[in-house]
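See structure below.
We number each residue from 1, following the sequence as shown. Computed from a predicted model, the values in this text were never measured in an experiment.
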Amino acid sequence: MSDKIKLFCLPYAGGSAKAIYDKWIGNLDTKIELHPIELAGRGTRIADNLYSNIEEAIDDVLEQIKNEIIDSDYAIFGHSMGSILTYEVLQRIENLRLPPPIYAFFSGRRAPHCPSRRAKSYSKMNELELEKVMIALGGTPPEFFNYPELKNMFIPIIKSDFKIADSIVEKSEVQPFNFDISIFIGTDEDVTEQESTEWSQHTTGNCSITYFQGGHFFLLDKQQEVVDTINKILIRMNQKIVL
């Protein structure tokens, strides 16, 4: 077994995993091996068909990592939509009795069983409404939407991703994981303290919550702080495993 921890990273809606997470290279501890998981329809997979539903996305992610997790310690990180996809992939891994991760990071998202407080789900919004949402969230500069060729390529991806993000069934029944988890939340994003602490119900292990200054895209604005926090957690986990 490798002495490195593989860190699989899933992107937020509309994002390319490699474009987001390759920026972490050089800042991650040398004992952590970065594995950005590119989703269909973006980045190096721009020619691949977008997912029709969350099941297709889960199948695709699992196909990319299943051989990588058999004989290696690993962790998974997901932000926003990536957080929900991480949660669902880990549930599938557990159901298939594949090796579990040593740790999981759920970033920028309320606990799965907490109902949405939005009056209208993102996946049901029209194009103009989506533009306003993306600008308000802060991840897309307003001038981006002035370029029709970029917008025409981006909007279908966003619609597909929001469909995935909105498709999780919020259940009162919780099936907790048996490994430790961390929750990363922006101080100014639309996730309440209660919705954050409810994540603790999703593990029989430890659940830590870290707040980063900023809104929903603190992942980009506080990149160094996020990576430093991941380093500390995973190196501590690695030391426990070695002992």
Which heavy atom in [X] sits nearest to a heavy atom in [Y], and how many Å separate them?
X	Y	value
Ala40	Tyr51	N-OH, 2.9 Å
Pro101	Ala75	CB-CA, 4.3 Å
Ser16	Gly43	OG-CA, 4.0 Å
Asp48	Arg45	OD2-NE, 2.8 Å
Ile181	Trp199	CD1-O, 3.7 Å

* To do: Could you walk me through whether Ile84 and Arg109 pass the side-chain contact (heavy atoms from CB on, under 4.5 Å) test, one step at a time?
  => CA-CA 8 Å; Ile84 285 303; Arg109 186 59 160 73; 3.4 Å; yes
Between [X] and [Y], is any pair of side-chain heavy atoms under 4.5 Å apart?
X	Y	result
Met81	Leu39	yes
Asp60	Glu56	no
Val226	Phe212	yes
Cys9	Ile20	no
Leu7	Glu33	no
Arg42	Leu50	yes
Ile183	Ser107	no
Glu68	Lys6	yes

Is a side-chain donor or acceptor of [X] paired with a backbone partner of [Y] at a separation under 3.5 angstrom?
X	Y	value
Thr203	Ser200	no
Asp161	Gly14	yes
Thr187	Gly214	yes
Ser160	Pro156	no
Thr197	Gln194	yes

* Are there more than 12 heavy atoms of other residues, nucleotides or ligands under 6.0 Å from atom CG of Asn49? ->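 No, CG of Asn49 has 12 or fewer neighbouring heavy atoms, counting only those of other groups under 6.0 Å.
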* Count the heavy atoms belonging to other residues, nucleotides or ligands that lie under 6.0 Å from CD of Gln224, then report whether that count exceeds 12. =>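 Yes, because the 6.0 Å sphere around CD of Gln224 holds more than 12 heavy atoms from other groups.
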* **Test side-chain contact (heavy atoms from CB on, under 4.5 Å) applied to Val227 and Ile230, Thr229, Asn231, the passing residue** =>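 Checked Ile230, Thr229, Asn231 against Val227; only one passes side-chain contact (heavy atoms from CB on, under 4.5 Å): Asn231.
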What orientation do [X] and [Y] show, parallel under 30°, tilted 30 to 60°, or perpendicular over 60°?
X	Y	value
Tyr87	His202	perpendicular
Phe217	Tyr12	perpendicular
Tyr21	Trp24	perpendicular

* Apply the test ring-ring contact (aromatic ring centres under 6.0 Å, His included) to residues Tyr211 and Phe218: give CA-CA distance (whole Å), side-chain angles for both, the deciding distance (0.1 Å), then the verdict. => CA-CA 9 Å; Tyr211 288 94; Phe218 67 86; 9.4 Å; no
Rounded to the nearest 0.5 Å, what separation is found between the [atom1] atom of [X] and the [atom2] atom of [Y]?
X	Y	atom1	atom2	answer
Glu38	Ile46	CD	CD1	9.0 Å
Leu28	Ile235	CG	CD1	9.0 Å
Ile37	Leu85	CD1	CG	10.0 Å
Leu34	Phe77	CG	CZ	11.0 Å
Lys66	Ile93	NZ	CD1	11.5 Å
Ile32	Lys4	CD1	NZ	10.0 Å

* From CA spacing to verdict: side chain to side chain donor-acceptor pair (under 3.5 Å), Ser182, Ser208 -> CA-CA 5 Å; Ser182 272; Ser208 67; 2.6 Å; yes
Could you check whether [X] pairs with [Y] (Lys NZ or Arg NE/NH1/NH2 to Asp/Glu carboxylate O, under 4.0 Å)?
X	Y	result
Asp59	Arg92	yes
Arg236	Asp180	no
Glu94	Arg97	no

* After noting the C-alpha distance and the side-chain angles of Ser196 and Arg110, does the key distance pass the side-chain contact (heavy atoms from CB on, under 4.5 Å) rule? -> CA-CA 6 Å; Ser196 300; Arg110 67 185 185 279; over 6 Å; no
* So, Gln201 versus Glu198: side-chain donor-acceptor pair below 3.5 Å or not? ->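 On atom types as modelled, these side chains qualify, holding a pair under 3.5 Å.
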* Connected via hydrophobic side-chain network under 4.5 Å: Leu220 and Ile157 ->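 Hydrophobic grouping puts Leu220 apart from Ile157.
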* Hydrophobic cluster membership, Ile155 vs Leu128, 4.5 Å side-chain cutoff ->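 Unlinked, Ile155 and Leu128 end up in two clusters.
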* To do: Would you please test Lys222 and Asp228 for salt bridge (charged side-chain N to carboxylate O under 4.0 Å, His left out) and show each step?
  => CA-CA 10 Å; Lys222 300 296 179 181; Asp228 286 347; over 6 Å; no
* To do: State yes or no: are the ring centers of Phe184 and Phe106 separated by less than 6.0 Å?
  =>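 Here the rings of Phe106 and Phe184 have centres that are no less than 6.0 Å from each other.
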